[in-house]
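Everything below concerns the one structure shown next.
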Amino acid sequence: MPDYKVSVIGAGVSGQGLALLAESLGAEVFVSEQKNINDDVKKLFIEHNIKFEEGGNTSKVFDNAGEILISSGIPPKSEILIEAQKRGAKLTGELDFVLPHLKTQNLICVTGSNGKSTVTSLTGHILSKAGLKTGTGGNLGTASAKFTNENFDAVVLELSSFQLARAEKNPGAKISIVTNIAPDHIDWHGSFENYAEAKSRVLKMRSSEGWGIIQDRDFEILNADGNLITLSWEKDAVHNTRGHIFMDRNSNQAFLNLDGKSEKLFSFDDTTLIGSHNLENVAMCLCAAKLLGVNINDAKFLLDGFKPLPHRCEYAGSIDGVDYIDDSKGTNVDASVTAMRCIKGRKIIILGGQGKGEDYTHLAETVKAECDFAVLIGEEAPKIQKSLEESGFKNFKNVSTMEEAVDEARKLAKPGMVVLLSPACTSWDMYKSYKARGEHFCKIVREKINP
């Protein structure tokens, strides 16, 4: 790439990865960041002779740039992107630029509305325990560009709808997994149909012999085809595909029926992950490993040592016979609905935060069925309250802080119940991230256990 100039929009994790990869390929690189860039990143850019600007995107982005690389999360209505389109600039998304340079023959791409981080991390864990040199990252936290520097037996990447919306090339993945599809990020994509179409692109990133693992119920919305394995809690799949994962409640086991042959994937008690949705996650991961040739007969060994990702139905503690569970990562309606349905026992749920433009009718109906009380917090509290009232559920209270939310839940919860933080909203009205929100919740719980 001699004498080639590249601009990168965004200096976050993926933007840094794009810039460093472009520089390693011989390009002259300029990075433009809307916010401030921290000192460590500036030092990194300077060490690699990468020029940059911060505090806003200027016309410098277009100065002799042969290509503009878009890091994940940059919204399509961003002023700099609109200007780039007006100028007819060559725009390339993160995946199209990076994935052709990955050094592996076994690429596994994971997406979905909920559970994709768990499936990505657990698949990486299983493959590593099976002895494969495995790179695990993507939207999960380690930029995909990091896996272009050395050879790997397998690379497992979590891909967001933002990244997939800009993916046009086929990197020849061995396996594509869609954990589930439900409305999310409507504010970013403009409609549920656009969001689902972006997610479906992961299935188009497979090689001609590559496999897709999806929920049976999502078959139509993903417009799925090719070598497919579907998952459901019914013995017989609705759709006719080469394989089906049967989650058997009667035997507490999961089975893979592939090309007419049935094989046990695992027993439900082989994992300590909380909730039936996590059993689905485990099944998809073990299925992916089997498709790569891993012997999964000792599933318990392969799963052992995997720690649940923070803030995803994570046990926070127990007070007076009441379990407190941190599902701060539950940032959309479907995630919270799934958590309520999959965690056993009656619940007090803490809901609210900054919304994504979702309808809360389904959320309210599930609260009515699964919970004795709801504590509402944040910007979306009035909208959630309205939906609860319309559903006929009146056992709720509005509070201003997480401390008040936990205190209120503690007053109402009886032994054997669960206090569940699963907000169905982002955290950005009160916290810098869902992690900060979850950590604050857990801190409050710990302080009440050990006053």
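In this text, all values refer to a predicted model and were calculated from it rather than measured experimentally.
The two atoms that bring G438 and S328 nearest to each other are N-OG, 3.4 Å, heavy atoms only. Scanning both residues, S72 and E94, for their nearest heavy atoms gives CB-OE1, 3.6 Å. Counting all heavy atoms, side chain and backbone alike, L292 lies closest to A154 at CD1-CB, 4.5 Å. Nearest heavy atom pair, residue A299 against residue L265, reads CB-O, 3.6 Å.
Formation of a donor-acceptor pair under 3.5 Å by the R437 side chain with backbone atoms of T426 is found in this model. Between the E33 side chain and the K35 main chain, a donor and an acceptor come within less than 3.5 Å of each other. Remark: the backbone N or O of F152 is paired with a side-chain donor or acceptor of T104 at under 3.5 angstrom. Put simply, the side chain of T111 never gets that close to the backbone of V178: no donor and acceptor are under 3.5 Å apart.
In summary, the side chains of E53 and S32 do present a donor paired with an acceptor at a separation below 3.5 Å, with no hydrogens or angles considered. Between the side chains of S391 and E365, no donor N or O sits under 3.5 Å from an acceptor N or O. No side-chain donor from either of K199 and S113 sits under 3.5 Å from a side-chain acceptor of the other. One side chain, Y434 or R312, offers a donor N or O that lies under 3.5 Å from an acceptor on the other. For the residue pair N295/N297, the side-chain donor-acceptor check at 3.5 Å is satisfied. Side-chain atoms of N332 and N114 include a donor-acceptor pair closer than 3.5 Å. A donor and an acceptor atom, one from each side chain of D359 and T361, are located under 3.5 Å apart. Donor-acceptor pairing under 3.5 Å is recorded for the side chains of H239 and D216.
Checked options I213, V202, V110, L107; the residue passing with S176 is V202 (criterion: side chain to side chain contact (heavy atoms under 4.5 Å, CB included)). When L258, L256, I175 are each tested for a side chain to side chain contact (heavy atoms under 4.5 Å, CB included) with C287, only one passes: L256.
In this structure, the side-chain contact (heavy atoms from CB on, under 4.5 Å) partners of K235, at least two apart in sequence or on a different chain, are F246.
To the nearest 0.5 Å, atom CD1 of residue I177 and atom SG of residue C285 are 6.0 Å apart. Remark: E380 CD to Q354 CD distance equals 8.0 Å, nearest 0.5 Å. For the atom pair CD (E54) and NZ (K42), the distance works out to 3.5 Å, reported to the nearest 0.5 Å.
Residues I221 and D218 have side chains in contact (heavy-atom distance under 4.5 Å, counting atoms from C-beta outward). For the pair M417 and V419, the minimum side-chain heavy-atom distance is 4.5 Å or more.
We find that K448 and D407 are joined by a salt bridge, their nearest charged nitrogen and carboxylate oxygen being less than 4.0 Å apart.
Residue K204 qualifies as enclosed at atom NZ: its count of foreign heavy atoms under 6.0 Å is above 12.
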